[in-house]
Amino acid sequence: MSTPEATQPSNFIRHIIDEDRLAGKNGGRVVTRFPPEPNGFLHIGHAKSICLNFGLALDYQGRCHLRFDDTNPCKEEVAYVESIQEDVRWLGFDWGIHRYYASDYFEQLYNFAVELIRRGKAYVCDLTPEEIRAYRGTLTEPGKGSPFRNRSMDENLDLFSRMRSGEFPDGSRVLRAKIDMDSGNLNMRDPVIYRILHATHHRTGDVWCIYPMYDFAHCLSDSIEGITHSICTLEFEDHRPLYDWILDELEVPCHPQQIEFARLNLTYTVMSKRKLLELVRDGHVAGWNDPRMPTISGFRRRGYTPESIRAFCERIGVAKRDSLVDVALLEFSIREDLNERAPRALAVLQPLKVVIENYPEGQVEEFDAPNHPGRPELGNRKVPFSRELYIERDDFMEEAPKKFFRLAPGREVRLRFAYFITCREAIKDANGEVVELRCAYDPETRGGSAPDGRKVKGTIHWVSASHAVKAEVRLYDRLFTVENPASEKDANFKDFINPESLTVLTACQVEPSLAQAAPGASYQFERLGYFCADHEESRPGRPVFNRTVTLRDTWAKVQEK
RNA sequence: UGGGCCGUCGUCAAGCGGUAAGACACAAGACUUUGACUCUUGCAUUCGGAGGUUCGAAUCCUCCCGGCCCAGCCA
């Protein structure tokens with residue numbers, strides 16, 4: 001069995017854990033948790049956290065809890081808890097019996113709050129939200145104490161209990177921790193830990209009308225569950241003193257260690273739930289699982305595999321510096337995986353008709369095409385060939401440069417698995433647009449090689465016109481035109497939405513074997529890219545494919561020069 | 001004139017006082033019935049800057065510069 005340290009790249013969190021184990025801390029146990037708030041869909045930034053937390057548990061033979069941080073009934077919905085579980089499972093992780101909800105702890109949390117009051121460390125405050133803000137001071141000036149700061153313990157106990165029983169309207173009072181209004185850390189200036197919210201909670205219904213704030217609920221939930229390492233993102237660094245303060249002031253089962261790492265940012269997309277929600281709400285995308293979305297469900301529908309996302313998360317590493325990861329790394333990860341597993345197929349996206357003038361009318365041949373060039377065990381399929389074909393429009397150029405290896409008047413190319421053909425004539429319509437090619441084939445080149453040893457530089461894909469199946473193909477491109485839309489100064493991120501992020505092609509012609517593509521199945525359309533049959537809209541006989549990612553395209557780079 | 005954190009290749013990221021890993025990207029070449037894949041080669045005399053400590057510094061110290069986060073009864 002390999003050591004944990006050897007299975008994954010090292011990072012500072014592993015170092016901390018290694019040291020803790022060496023010191024015998026927590027009895028050597030490692031218990032982590034992934035604590036999403038069910039107020040939106042998971043995105044690839046969450047995938048980084050999931051891979052980290054569950055990965056650590058796996059490697060150190062510990063466990064990782066899935067805990068819904070559902071302390072704000074106004075924003076949370078069961079639909080989200082369902083999608084979150086589906087996504088975590090799809091990514092390949094298993095929380096076993098360890099699925100929890102912060103709302104399961106509401107009673108315990110309430111009792112902890114009461115205890116805090118008893119210890120003189122919390123008080124009920126009647127200030128309005130505006131007053132609380134004003135009293136809090138600013139970044140550079142200290143705050144001042146609330147006039148309710150020194151209420152008696154009995155009064156606090158009474159008021160808090162009446163808050164719970166619903167005597168007071170929303171916003172009229174809060175419970176605050178009594179810490180330090182002079183602290184340079186605003187989180188320590190008597191933070192609110194309970195607020196009144198007469199809202200129906202998706203799990204507890206109307207049982208409660210007061211709800212704990214994140215800072216109060218999170219550390220205690222961690223402690224209740226026996227978490228050893230509570231891993232979160234950088235913006236919670238300022239909250240750590242409060243996390244520790246609460247656990248220090250109360251008698252709790254254990255005191256987990258909060259560790260912060262940098263959240264994932266990816267080029268050409270946005271990663272905050274608020275912004276993603278906005279894209280969905282304003283109809284810029286078709287939903288949370290639109291293949292252009294950086295959500296896990298979006299990537300799934302786009303044709304990404306869990307393996308590729310896990311490989312990506314491993315490659316990006318874990319550190320504390322803010323970073324913006326090149327989406328090319330994600331694309332590399334999915335190409336690497338699909339190259340290995342996706343069966344090949346011939347598909348013509350923008351058909352150009354080709355008539356092979358010297359090929360007998362009505363004749364049909366079938367060629368054996370391997371499903372994968374490197375994996376013969378994946379077998380072969382038959383591809384029909386006839387006098388009239390479709391090829392890709394881009395594979396013909398009327399005036400082709402020397403470096404263009406494809407079809408042009410007078411030039412010869414190989415039709416993959418079939419014959420060499422030479423272009424005799426390009427037929428144009430009234431607008432001067434090429435609508436058909438008249439070609440001649442060389443019968444001696446059956447199978448794709450010439451007995452006389454002559455070579456052709458180019459091989460193109462094709463499909464037999466009368467056998468091809470019509471398909472819809474959706475080409476996806478980056479959602480934004482700039483690398484970091486969220487950081488553009490004096491502008492709204494939505495101003496940078498790429499108007500060409502989606503191109504729908506409805507007249508594609510694909511080889512017959514693709515007619516029955518199973519929803520979600522991935523293929524490599526040779527020379528084009530990886531495509532997957534759409535989970536929701538693909539139908540037998542009328543397939544719909546989503547482009548996952550293009551193939552690497554050296555020719556495109558040459559063309560740019 | 002507040003508090004916290006971070007600066008190592010274009011992008012991520014190892015390194016933890018002994019003389020700059022790796023990946024992606026990029027470039028050149030080989031192979032090729034996918035201009036794919038694969039392979040080979042190249043790609044930081046230097047670690048934000050300046051001083052200092054040391055036989056020796058990306059690693060330790062000092063100062064400076066730059067970036068990020070915090071003033072929700074959101075998480």
For this session: Record whether the side chain of A:N185 comes under 3.5 Å of the base of B:rG4 through a donor-acceptor pair of N or O atoms.
Result: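 Under the 3.5 Å cut-off, the side chain and the base do not form any donor-acceptor pair.
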
For this session: Tell whether A:R406 reaches the base of B:rG35 with its side chain through a donor-acceptor pair below 3.5 angstrom.
Result: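 Looking at the base of B:rG35, it does pair with a donor or acceptor on the side chain of A:R406 (distance under 3.5 Å).
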
Exercise. Under 4.0 Å between a side-chain N/O of A:R335 and OP1 or OP2 of B:rC37, yes or no?
Worked result: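 Answer no for this pair, as no side-chain N or O of A:R335 is under 4.0 Å from OP1 or OP2.
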
For this session: For B:rA14, take OP1 and OP2 only and decide whether either is under 4.0 Å from a side-chain N or O of A:H15.
Result: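 Checking A:H15 against B:rA14: no side-chain N or O falls below 4.0 Å of OP1 or OP2.
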
Figure out the [atom1]/[atom2] separation between [X] and [N], and round it to whole Å.
X      : N      : atom1 : atom2 : result
A:I460 : B:rA36 : CD1   : P     : 17 Å
A:F41  : B:rA75 : CZ    : P     : 21 Å
A:H46  : B:rA75 : NE2   : P     : 14 Å
A:F332 : B:rC26 : CZ    : P     : 12 Å
A:R321 : B:rC5  : CZ    : P     : 16 Å

Problem set entry | Donor-acceptor contact present, side-chain A:T138 to main-chain A:E141, <3.5 Å |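 Confirmed, A:T138 side chain pairs with A:E141 backbone.
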
Problem set entry | A:N484 backbone acceptor or donor facing A:S487 side chain under 3.5 Å |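 Yes, the answer is positive, given that a donor and an acceptor are paired below the 3.5 Å cut-off.
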
Pairwise [atom1] distance for [N] and [M], with rounding to whole Å:
N      : M      : atom1 : answer
B:rC37 : B:rU32 : C1'   : 9 Å
B:rU40 : B:rU8  : C1'   : 28 Å
B:rC64 : B:rA71 : P     : 27 Å
B:rG67 : B:rU34 : C1'   : 45 Å

For this session: Just name whichever nucleotide pairs with B:rC37, Watson-Crick or G-U, keeping both distances under 3.5 Å, else none.
Result: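 By the stated definition (distances under 3.5 Å), nothing pairs with B:rC37.
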
Exercise. Taking RNA chain B as the partner, which of residues 163-178 of chain A come within under 4.0 angstrom of it by heavy atom?
Worked result: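 Of all residues in residues 163-178 of chain A, the ones placing a heavy atom under 4.0 Å from RNA chain B are A:G171, A:V174.
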
Problem set entry | Steps toward salt bridge (charged side-chain N to carboxylate O under 4.0 Å, His left out) verdict (A:E225, A:R33) | CA-CA 9 Å; A:E225 292 177 19; A:R33 99 268 93 113; over 6 Å; no

Exercise. B:rG72, B:rU34, B:rC5: which one has an atom nearest the side-chain heavy atoms of A:K320?
Worked result: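 My answer, after comparing the listed nucleotides, is B:rC5.
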
Exercise. Do A:Y214 and the base of B:rA75 stack face to face, with centres under 5.5 Å apart and an angle between planes under 30°?
Worked result: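 Base of B:rA75: not stacked against A:Y214.
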
